Amino acid sequence: MPELPEVEYTARQLRSSVVGTTIRDALVFWERTIGHPELATFLLKVADRRIEAIRRRGKYLVLDLEGDLFLSIHRRMTGNLFLLPAGWEIDTSLRETDPVAWSTRGPSFLATSAVDLVEGSSYSVDLAKTWYCRVCFNLADGRRLLYTDPRKFGRIELWPRDCEAVAFKGVGPEPLSTAFNAKQLTQALAGRKSAIKQVLLAQEAVAGLGNIYADEALYLASIHPLRRADSLSPTEIELLYQGIVSVLTLGIEHGGTSFSGYRDLWGEAGDNYDHMKVYQQDGKRCLRCGALIERIVLAQRGTHFCPGCQKLTVE
DNA sequence: ATTTAGACCTGTCAGC
DNA sequence: TGCTGACAGGTCTAAA
């Protein structure tokens with residue numbers, strides 16, 4: 001679900017709201033969400049740790065904890081993070097009354113009698129939708145950091161700080177870093193025979209692009225998604241580099257792309273879906289040339305492009 | 001060595 | 001109304 005802009009947006013919100021706070025403990029409602037270390041160790045080690053800093057690495061959200069540890073959170077398709085104010089109780093009664101439903105939905109949330117209901121109702125997290133909570137971090141000040149994930153693909157891991165190479169294996173250069181440029185992209189694409197879109201999705205050449213922003217970046221660069229990665233001209237690579245930086249930067253500025261599931265830390269949807277040029281725009285007219293946007297399947301992923309401005313063959 | 005299908009999961013929506 | 005199939009912001013692994 002979230003690609004680089006959504007992760008970055010959440011990271012910025014977390015940075016201004018939880019740095020300096022202590023994680024009292026964690027509640028895990030779906031064990032497989034914890035990818036490392038095994039659950040008992042994870043619970044033991046994460047408890048009573050101060051959150052020192054928030055970072056992002058590709059699509060990973062990173063919470064640096066005291067004691068040279070870091071939490072990495074990868075939301076995959078449907079993961080979300082919500083910061084719940086103090087004053088809400090976790091209702092786990094479903095665990096006993098309907099174990100099957102509990103397994104898919106997890107706990108629900110109830111306002112305690114002490115909660116100011118006006119404050120509660122103005123909060124953007126739809127508490128009906130915060131079902132599918134998989135992990136809850138109880139903060140020392142009473143707030144809760146909720147990890148929700150209907151499809152259960154996301155993973156949360158806890159690593160020593162010197163294990164970044166393992167934790168982020170295969171994650172390539174950061175596209176919004178000043179160190180990233182067209183020359184670096186050229187080297188990363190050299191010798192890659194696969195379709196350029198597949199290479200972009202693989203994270204190794206450049207980190208953080210997913211299905212939405214890969215399609216959008218290729219459109220901005222006027223490059224057909226099926227072009228062989230090593231066939232791009234220097235001009236095309238320069239355009240692709242600019243396109244990647246552009247779509248990601250705009251995505252962050254618009255608060256991320258929400259077309260169904262993604263919400264920010266406060267439960268708000270982002271606006272970036274209103275700015276899609278090709279992604280899920282098949283059947284509509286290209287804003288540049290007026291051709292009809294097409295959808296194909298590439299590496300089992302829906303792929304959207306303009307056949308008018310993104311040509312497969314040179315004429 | 002690469003490509004590709006399958007696995008992991010659940011919800012939603014279109015069509016019959 | 002139900003049922004079925006396609007599809008969804010991702011990544012890993014086994015088989016071809």
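Labels below follow one simple rule: chain letters A, B, ... track the order of the sequence lines, proteins then strands, and each chain is numbered from 1. The shown structure was predicted, so the numbers you read here are calculated from the model rather than taken from an experiment.
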>> Under a plain distance cut-off of 3.5 Å, with no hydrogens placed, do A/Trp159 and A/Glu157 share a side-chain donor-acceptor pair?
In response: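 Yes.
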Of the listed nucleotides [options], the one nearest the side chain of [X]:
X        : options               : result
A/Thr104 : B/dT3, B/dT10, B/dC9  : B/dT10
A/Gln300 : B/dA5, C/dT11, B/dT10 : B/dA5
A/Lys152 : C/dG10, B/dT10, C/dA8 : B/dT10
A/Lys193 : C/dC7, B/dT3, B/dT10  : B/dT3
A/Tyr132 : B/dT3, B/dT10, C/dG9  : B/dT10

Spacing of [X] atom [atom1] relative to [N] atom [atom2], expressed in whole Å:
X        : N     : atom1 : atom2 : answer
A/Tyr279 : C/dG9 : OH    : C1'   : 6 Å
A/Arg295 : C/dA6 : CZ    : C1'   : 9 Å
A/Arg56  : C/dG9 : CZ    : P     : 20 Å
A/Leu201 : B/dT3 : CG    : P     : 14 Å
A/Arg155 : B/dA7 : CZ    : P     : 16 Å
A/Arg75  : B/dC8 : CZ    : P     : 25 Å
A/Glu31  : B/dC8 : CD    : P     : 17 Å
A/Leu200 : C/dG9 : CG    : C1'   : 15 Å

> For the residue pair A/Tyr241 and A/Phe180, does the interplanar ring angle fall in the parallel (under 30°), tilted (30 to 60°) or perpendicular (over 60°) class?
Replying inline: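 Ring orientation, 0 to 90° scale: tilted.
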>> Would you say that more than 12 heavy atoms from the other residues, nucleotides or ligands in this model lie under 6.0 Å from the CD of A/Glu31, or not?
In response: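 Incorrect, the count does not exceed 12.
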Rounded distance in Å between the [atom1] positions of [N] and [M]:
N      : M      : atom1 : result
C/dA6  : B/dA5  : P     : 15 Å
C/dT11 : B/dT12 : P     : 24 Å
C/dC3  : B/dC8  : C1'   : 24 Å
B/dT10 : C/dT1  : P     : 27 Å

>> For C/dG9, give the paired nucleotide (Watson-Crick: N1-N3 plus N6-O4 or O6-N4; G-U: N1-O2 and O6-N3; both under 3.5 Å), or none.
In response: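 Pairing partner: none.
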> How would you label the contact of A/Arg32 with the nucleic acid (heavy atoms, under 4.0 Å): base, sugar-phosphate, or nothing?
Replying inline: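 The answer is sugar-phosphate, as A/Arg32 gets under 4.0 Å only of primed atoms, P, OP1 or OP2.
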> Looking for any heavy atom pair under 4.0 Å, which part of the strands does A/Arg134 touch: base, sugar-phosphate only, or nothing?
Replying inline: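 Since no nucleic acid heavy atom lies under 4.0 Å of A/Arg134, the category is nothing.
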Is the shortest side-chain N/O distance from [X] to OP1 or OP2 of [N] below 4.0 Å?
X        : N      : value
A/Thr78  : B/dT10 : no
A/Gln203 : C/dG10 : no
A/His74  : C/dT11 : yes
A/Lys59  : C/dG10 : yes

>> Out of the candidates A/Glu8, A/Glu164, A/Glu174, only one should pair with A/Arg57 under the salt bridge (charged side-chain N to carboxylate O under 4.0 Å, His left out) rule; please name it.
In response: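 So, applying the salt bridge (charged side-chain N to carboxylate O under 4.0 Å, His left out) to A/Arg57 and each of A/Glu8, A/Glu164, A/Glu174, only A/Glu174 qualifies.
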>> I want to verify the glycosidic state of B/dG11; is it syn or anti under the 90° rule?
In response: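 Anti, angle beyond 90° from zero.
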> Just one of A/Leu63, A/Asp64, A/Leu65, A/Leu158 clears the side chain to side chain contact (heavy atoms under 4.5 Å, CB included) bar with A/Phe70, so which one?
Replying inline: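 That would be A/Asp64; it is the only one of A/Leu63, A/Asp64, A/Leu65, A/Leu158 passing the side chain to side chain contact (heavy atoms under 4.5 Å, CB included) with A/Phe70.
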> Hey, which of these two, A/Val297 or A/Arg301, hits DNA chain C nearer its 5' end, going by closest nucleotide?
Replying inline: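 Of the two residues, A/Val297 wins.
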>> Would you compute the distance between atom CG of A/Leu265 and atom CG of A/Leu14 and round it to the nearest 0.5 angstrom?
In response: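 Answer for the CG-CG pair, A/Leu265 versus A/Leu14, is 4.5 Å.
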>> Going by centres under 5.5 angstrom and planes under 30 degrees, do the aromatic ring of A/Phe259 and the base ring of C/dG9 stack?
In response: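 It does not: the two rings, one from A/Phe259 and one from C/dG9, miss the stacking criterion.
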> A/Tyr273 and ring-ring contact (aromatic ring centres under 6.0 Å, His included): which partner among A/Tyr262, A/Tyr279, A/Phe259?
Replying inline: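 Single pass found, and it is A/Phe259.
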